[in-house]
Each structure stands twice: as structure tokens, then as C-alpha cells.
Amino acid sequence: MSLDNYVGRIVRLNQEVFREIARRAKSRGIVLENVFLVSGISREMRKLICYGAIFRITVAAADVVLI
């Protein structure tokens with residue numbers, strides 16, 4: 001699937017990646033759900049730019065599942 005097809009879609013992260021993101025969020029006192037909106041693509045890094053709560057993250061397409 002082309003990275004462009006992910007933009008505007010809701011995704012979940014794989015468990016390993018989500019645990020790391022949730023750990024960082026918890027250290028800031030934020031509780032995260034494993035639901036993120038893909039807002040764009042970082043073409044030079046070939047990564048997806050995702051938002052969840054107040055977090056902005058970049059992840060590989062292999063680290064997400066469409067829901």
C-alpha cells in the first residue's frame with residue numbers, strides 16, 4: 001500500500017511501538033489510547049506522521065494497522 005493511502009486514516013500502533021510511546025506519555029502524566037490519525041507523510045524519511053491526544057509521532061508504515 002502506498003503511504004499516501006494512509007493519510008486521513010485512523011490507525012493503531014503495533015504493541016512494541018505503542019508501549020514505548022505510552023511510557024513516554026505516562027512520564028508526562030498523559031494517558032494514551034492506541035488510536036492515531038495519520039496526518040501526513042515525511043517523504044525524506046518514508047514515515048507516517050500521526051497524532052494521538054497531544055502527541056505527534058512519526059512511525060514506519062510497518063508499525064501501524066488500519067482500523
Side-chain angles (χ1 to χ4, degrees):
M1 177 182 276
S2 166
L3 293 180
D4 291 319
N5 293 338
Y6 287 94
V7 176
R9 306 284 298 268
I10 303 293
V11 298
R12 291 188 191 273
L13 302 177
N14 73 32
Q15 290 300 320
E16 184 179 326
V17 173
F18 180 69
R19 267 182 273 198
E20 176 60 27
I21 300 297
R23 184 187 61 76
R24 283 191 264 161
K26 186 177 179 183
S27 72
R28 295 182 184 177
I30 300 166
V31 177
L32 272 184
E33 288 188 42
N34 192 359
V35 179
F36 295 85
L37 172 67
V38 179
S39 66
I41 302 165
S42 173
R43 296 212 184 272
E44 51 282 341
M45 293 182 3
R46 301 238 351 113
K47 300 250 181 168
L48 302 171
I49 301 168
C50 303
Y51 286 88
I54 62 168
F55 270 76
R56 177 186 178 269
I57 59 171
T58 55
V59 294
D63 293 334
V64 301
V65 176
L66 292 172
I67 55 172

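- Residues Tyr51 and Ile30 do not share a hydrophobic cluster, clusters being chains of Ile/Leu/Val/Met/Phe/Trp/Tyr side chains in contact below 4.5 Å.
- Of the residues listed (Val17, Asn14, Val38, Leu13), the one engaging Val64 in a side chain to side chain contact (heavy atoms under 4.5 Å, CB included) is Leu13, and it is the only one.
- Taking hydrophobic clusters as Ile, Leu, Val, Met, Phe, Trp and Tyr residues chained together by side-chain heavy-atom distances below 4.5 Å, Ile49 does not share a cluster with Ile10.
- Side-chain heavy atoms closer than 4.5 Å link hydrophobic residues (I, L, V, M, F, W, Y) into clusters, and following such links, even through other members, never connects Leu37 to Tyr6.
- Contact of the Asn34 side chain with the Gln15 side chain is registered, since non-hydrogen atoms from C-beta on lie closer than 4.5 Å.
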Show your working on side-chain contact (heavy atoms from CB on, under 4.5 Å) between Asp4 and Arg43 and close with a plain yes or no.
CA-CA 10 Å; Asp4 291 319; Arg43 296 212 184 272; 2.7 Å; yes
Would Glu20 and Arg24 count as a side-chain contact (heavy atoms from CB on, under 4.5 Å) here? Give the steps.
CA-CA 6 Å; Glu20 176 60 27; Arg24 283 191 264 161; 3.6 Å; yes
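- Leu32 places a side-chain heavy atom less than 4.5 Å from the side chain of Phe18.
- Both Ile21 and Ile54 are part of a single hydrophobic cluster, where members link through side-chain heavy atoms under 4.5 Å apart.
- Of the possible donor and acceptor atoms, none in the side chain of Arg23 sits under 3.5 Å from a partner among the backbone N and O of Arg19.
- Listed here is the closest heavy atom pair of Phe36 and Cys50: CB-CB, 4.0 Å.
- For the pair Val35/Arg12, a side-chain contact is recorded, criterion being any heavy-atom separation below 4.5 Å from C-beta on.
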